[in-house]
Amino acid sequence: MSLCTDVAATFTSRLGLSADGVWSAPGRVNLIGEHTDYNAGLCLPIALPQRTYVAARRRLDRRLRLWSGQADEPVDVQLDEVAPGHPGGWGSYVSGVLWALEEVGHPVGGLDLVVDSEVPVGAGLSSSAALECAVASAVADLFELDLTADDGGRAALAAVCVNAENTIAQAPTGGMDQAAAMRSREGHALLLDCRDGSVEHVPFEPETRGLALLVVDTRAEHSLVDGQYAERRASCEQAARELGVTSLREVPAEQLQEALTRLDDPVVRARTRHVVSEIARVEQSVEALRRWRIRELGEIFDASHASMRDDFEISCPELDLAVDTARAHGAVGARMTGGGFGGSAIALVPWGDEDEVGEAVVEAFEDAGFRTPRYFAVDASGPAGRDA
């Protein structure tokens with residue numbers, strides 16, 4: 001039984017009624033462009049084949065009843081009571097979407113909803129945005145908001161989900177994850193310009209070049225609400241203020257060294273160096289992908305990881321070990337991906353060598369006394385939408 005079918009069956013068993021439909025949205029893995037989104041920069045995610053599913057039924061009142069496949073007790077809240085930090089937990093990500101839709105003038109109402117997911121939680125693969133965007137797609141259809149038919153509407157829904165996560169769930173994330181979940185295209189990476197919200201679809205089918213994209217979930221503890229992410233964002237905002245620009249996107253890569261001399265705090269300098277150089281690496285990666293310069297792409301991946309490890313300081317021993325082991329066993333390039341402080345790494349490996357590389361990482365983790373990681377190869381998949 002597929003998870004789509006399973007979540008619909010769970011809805012019926014819990015409520016005694018059939019759902020009005022089932023919607024889903026993908027997790028994402030970022031090829032490159034970390035912590036650039038809230039700096040109005042560029043990033044290059046793909047949508048994962050792993051998805052979060054929601055079975056939903058519209059109510060006639062303003063009550064939200066939310067069930068998770070991982071919890072016995074529902075979240076039960078009135079829509080008018082949704083506020084920053086309330087109802088808390090995973091329910092904030094769901095109820096926050098309806099709150100944020102009302103904030104921009106869309107009429108919505110109560111829901112009964114059951115959610116289950118294939119996206120690993122805590123792996124840095126954007127399980128929260130997958131949940132938000134699956135719910136947003138369901139609400140847009142159930143309340144006839146006409147926001148899923150074209151990219152403009154999908155961009156608006158992605159922005160709603162960002163507001164829900166920032167305001168109600170109180171996680172200070174940027175907009176990359178939601179854009180990837182709502183606006184991606186199968187077989188393509190999403191080049192997202194976070195300054196103006198524009199996107200370009202860049203072909204990404206590594207199997208046609210004898211490669212596979214391997215994701216390693218280190219299972220190291222990963223959280224975006226423990227203050228570390230917010231500190232990095234604050235450092236970037238401080239740098240922009242001191243440089244007299246609206247965002248670090250306004251600092252050209254060729255003027256980076258001069259800009260760094262104007263920043264007194266060595267930590268702020270290092271954070272700035274990462275962001276400006278990372279935006280340039282996104283541009284270089286897109287060019288390498290278009291020309292399929294594999295060696296060059298691998299070198300860019302490696303440089304990105306070094307920058308995140310040394311300048312932005314968001315790696316950890318598990319991520320470094322996964323990256324180093326993958327490289328030592330034939331990866332063209334490897335890097336940590338996502339917000340950092342745990343989560344996942346990615347590696348471009350020769351097609352057919354996924355298990356060999358993955359098992360080498362597992363063995364290295366066992367030798368180091370770390371938790372056993374999970375690994376899986378992924379393709380670039382499609383966006384959020386209705387499944388049944």
Side-chain angles (χ1 to χ4, degrees), residues 2-4 23-33 37 42-53 118-120 125-127 129-130 133-134 137 148-155 157-158 175-194 197-216 281-298 300-301 304 331-335 337-338 344-354 375-387:
S2 70
L3 193 56
C4 176
W23 292 259
S24 70
R28 69 95 188 92
V29 70
N30 194 23
L31 297 182
I32 198 161
D37 52 357
L42 302 170
C43 47
L44 192 68
I46 63 169
L48 292 175
Q50 290 83 2
R51 302 177 75 88
T52 292
Y53 293 84
E118 303 162 338
V119 183
L125 302 176
S126 197
S127 58
C133 292
S137 297
T148 58
D150 56 36
D151 187 66
R154 287 178 167 273
L157 270 183
M176 173 184 65
D177 299 349
Q178 292 82 2
M182 291 301 310
R183 304 173 72 187
S184 289
R185 181 181 296 174
E186 186 174 353
H188 292 75
L190 185 79
L191 176 59
L192 172 65
D193 188 327
C194 299
S198 62
V199 298
E200 183 179 344
H201 299 281
V202 180
F204 182 73
E205 296 177 300
E207 65 275 14
T208 65
R209 302 289 173 162
L211 295 171
L213 184 66
L214 187 70
V215 176
V216 177
R281 282 189 287 270
V282 175
E283 296 175 315
Q284 295 160 6
S285 296
V286 169
E287 186 63 23
L289 275 174
R290 286 180 174 142
R291 299 175 181 270
W292 270 109
R293 295 175 175 168
I294 303 303
R295 185 182 299 275
E296 180 181 336
L297 184 62
I300 297 168
F301 275 26
S304 175
V332 176
R335 61 186 291 275
T337 186
S344 295
I346 58 172
L348 272 174
V349 304
W351 181 265
D353 289 354
E354 302 94 301
Y375 67 87
F376 44 92
V378 298
D379 300 317
S381 299
R386 184 165 185 159
D387 292 87

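Quick note: numbers below take in every heavy atom, side chains included, and nothing from hydrogens, waters or symmetry partners.
- Residues Val286 and Leu42 fail the side-chain proximity criterion, which asks for heavy atoms closer than 4.5 Å.
- Put simply, OG on Ser344 and CG on Asn30 are 12.0 Å apart, with the number rounded to the nearest 0.5 Å.
- Looking at Asp379 and Glu207, their side chains come closer than 4.5 Å, going by heavy atoms from C-beta outward.
- None of Leu348, Ile46, Val202 except one satisfies the side-chain contact (heavy atoms from CB on, under 4.5 Å) rule with Leu31; the exception is Ile46.
- Residues Arg335 and Ile346 form a side-chain contact, since some pair of their non-hydrogen atoms from C-beta on lies under 4.5 Å apart.
- By the 30° and 60° cut-offs, the orientation of the rings of Phe204 relative to Trp292 is parallel.
- Taking every heavy atom of both residues into account, Ala130 and Thr52 meet most closely at CB-OG1, 3.6 Å.
- Atom SG of Cys4 is separated from atom CZ of Arg386 by 10.0 Å, given to the nearest 0.5 angstrom.
- Here the closest heavy-atom approach between residue Ala181 and residue Pro26 is recorded as O-CD, 3.5 Å.
- Residues Gly338 and Arg28 approach most closely at CA-NH2, 3.8 Å, considering heavy atoms.
- Within the model, atoms CG of Leu213 and CH2 of Trp351 stand 11.0 Å from one another, a figure rounded to the nearest 0.5 Å.
- Between Leu190 and His201, the closest side-chain pair of non-hydrogen atoms falls below 4.5 Å.
- No side-chain heavy atom of Leu297 sits less than 4.5 Å from a side-chain heavy atom of Val332.
- Looking at Glu296 and Glu287, their side chains never come closer than 4.5 Å, going by heavy atoms from C-beta outward.
- Contact record, Glu354 with Ala377: CG-CB, 4.1 Å, taken as the closest heavy-atom pair.
- Residues Pro203 and Leu289 form no side-chain contact, since every pair of their non-hydrogen atoms from C-beta on lies 4.5 Å or further apart.
- Shown here for Ala158 and Gln178, the closest heavy-atom pair between the two residues is O-CB, 3.7 Å.
- Atoms CE and CG, on Met182 and Asp177 in that order, are 13.5 Å from each other to the nearest 0.5 Å.
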Query raised in the report: Please walk me through it: do Gln50 and Leu125 pass side-chain contact (heavy atoms from CB on, under 4.5 Å)?
Result: CA-CA 10 Å; Gln50 290 83 2; Leu125 302 176; over 6 Å; no
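- Using a distance-only test at 3.5 Å, with no hydrogens or angles considered, a donor-acceptor pair links the side chain of Ser137 to the main chain of Cys133.
- Atom CZ in Arg51 sits 7.5 Å away from atom OG in Ser381 (nearest 0.5 Å).
- The nearest pair of heavy atoms linking Asp37 to Met176 is OD2-N, 3.3 Å.
- If you take CZ on Arg295 and CZ on Arg293, they are separated by 13.5 Å, rounding to the nearest 0.5 Å.
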